[in-house]
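All remarks here apply to the structure that follows.
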Number of protein chains: 2
Amino acid sequence: MASDDDPVPDISGVALVDVLRAVADPIRLRIVQTLADGRPHAKCGTHWNFGVHKSTMTHHFRTLREAGLTRTTVTGRTHTIELRRAELETRFPGLIDALATGDAA
Amino acid sequence: MASDDDPVPDISGVALVDVLRAVADPIRLRIVQTLADGRPHAKCGTHWNFGVHKSTMTHHFRTLREAGLTRTTVTGRTHTIELRRAELETRFPGLIDALATGDAA
DNA sequence: CGAACTGTTGGATGTTCGTCATACCGTCAG
DNA sequence: CTGACGGTATGACGAACATCCAACAGTTCG
């Protein structure tokens, strides 16, 4: 069954500067932009076509989660990642929208 | 007289991730939040009460300018810094507002 | 069981970054 | 002119970071 795994910080304890630092990386920014559709995404999906190693992606996913941006659900051997959109909107109004709208170039 | 100094990048060539990286620092974030009132601020003002060295502030100001966030005007021996609010709003709608609203803690 | 699949963990490494200290430069006042 | 003021430039140093590699662990399936 699907069980919540990987502890996430309480949104009230998340500092804006930490969120910004988490997002201030090309790969992590694109992850957040992809996740901004509100739907959960599998970690192994083909969406993530960066040319980096498996463990590097693990590192980025963990950074995002520890910064309070995402939540991970483990189902069997597949991990699903999801943006904490509602919570983030409450704490940092307009931020995610601004990031998602952002032009890549 | 007041002359524009210190070249700034064209706003169209500024990448979101670079803006985020510039702002992903406690000191620079607070500078931007202070500058978000739209008014120019002198670099030597008492607003900047971080306990860091002079040259460190120069480094942060330069980082913000090179990232396309600010513009510097030199008047005599005092330098005035200003947020490129309108341009940033056009390129990254809602971003500055989201940063300025952001709770410090 | 054993093998493939999906990810994590623990180094190791090269780079970037924030900070300081010192020296330097243009500007204004006496 | 000479000194104080406002900033910049350069160099050094330690910490943080992105990346890779190899090894490991839980899950599913034959």
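Labels below follow one simple rule: chain letters A, B, ... track the order of the sequence lines, proteins then strands, and each chain is numbered from 1.
Between A:Thr72 and A:Phe61, the closest side-chain pair of non-hydrogen atoms is not below 4.5 Å. Between A:Arg91 and A:Ile11, some side-chain heavy-atom pair lies under the 4.5 Å cut-off. Two residues are said to be in side-chain contact when any heavy atoms from C-beta on lie closer than 4.5 Å; B:Arg84 and B:Leu69 fail this criterion. Here the side chains of A:Ser55 and A:His59 are not in contact, with every heavy-atom distance at 4.5 Å or above.
A sub-4.0 Å separation between OP1 or OP2 of D:dG7 and a side-chain N or O of B:Arg62 is absent. Dashed line: the shortest gap from a side-chain N or O of B:His60 to OP1 or OP2 of C:dC17 is not under 4.0 Å. Remark: A:Thr56 is not in phosphate contact with D:dT19, judged by side-chain N or O atoms under 4.0 Å from OP1 or OP2.
B:Thr63 comes within 4.0 angstrom of nothing in the nucleic acid, heavy atoms only. Contact annotation for B:His79: backbone-only contact, meaning every heavy-atom pair under 4.0 Å involves sugar-phosphate atoms and none involves a base. Nucleic acid contact for A:His59: base, since at least one base atom lies under 4.0 Å from a heavy atom of the residue.
For B:Ser55 against C:dA21, a side-chain-to-base donor-acceptor contact under 3.5 Å is present. Side-chain atoms of B:Thr78 stay outside donor-acceptor range of the base of D:dC5, with no qualifying N/O pair under 3.5 Å.
Residue A:Trp48 contributes atom CH2, which lies 11 Å from atom P of C:dG7 at whole-angstrom precision. For the pair A:Arg28 CZ and D:dA18 C1', the interatomic distance rounds to 8 Å; values are reported in whole Å. Distance, B:Ile27 CD1 to C:dC17 C1': 13 Å, rounded to whole Å. Counting to the nearest Å, the C1' atom of D:dC21 and the CE atom of A:Met57 are 17 Å from each other. Across the protein-nucleic acid pair, A:Arg21 atom CZ and D:dA15 atom P stand 16 Å apart, rounded to whole Å. For B:Phe61 and D:dA9, the CZ to C1' distance is 17 Å, given to the nearest whole Å. Rounded to an integer number of Å, the gap from A:Asp6 CG to C:dG7 P is 12 Å. Computed from coordinates, the B:His53 NE2 to D:dC13 P distance equals 17 Å when rounded to whole Å.
With sequence neighbours left out, the ring-ring contact (aromatic ring centres under 6.0 Å, His included) criterion links A:His41 to A:His47.
Of all the heavy atoms in A:Leu64 and A:Ile31, the pair that sits closest is CD1-CG2, 3.6 Å.
Under a hydrophobic clustering in which Ile, Leu, Val, Met, Phe, Trp and Tyr are joined whenever their side-chain heavy atoms come within less than 4.5 Å, directly or via other members, B:Leu35 and B:Val8 fall into different clusters.
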Reading nucleotides 24-30 of chain D 5' to 3', which nucleotides get B (base under 4.0 Å from a protein heavy atom), which S (sugar-phosphate only), which -?
--BBS--
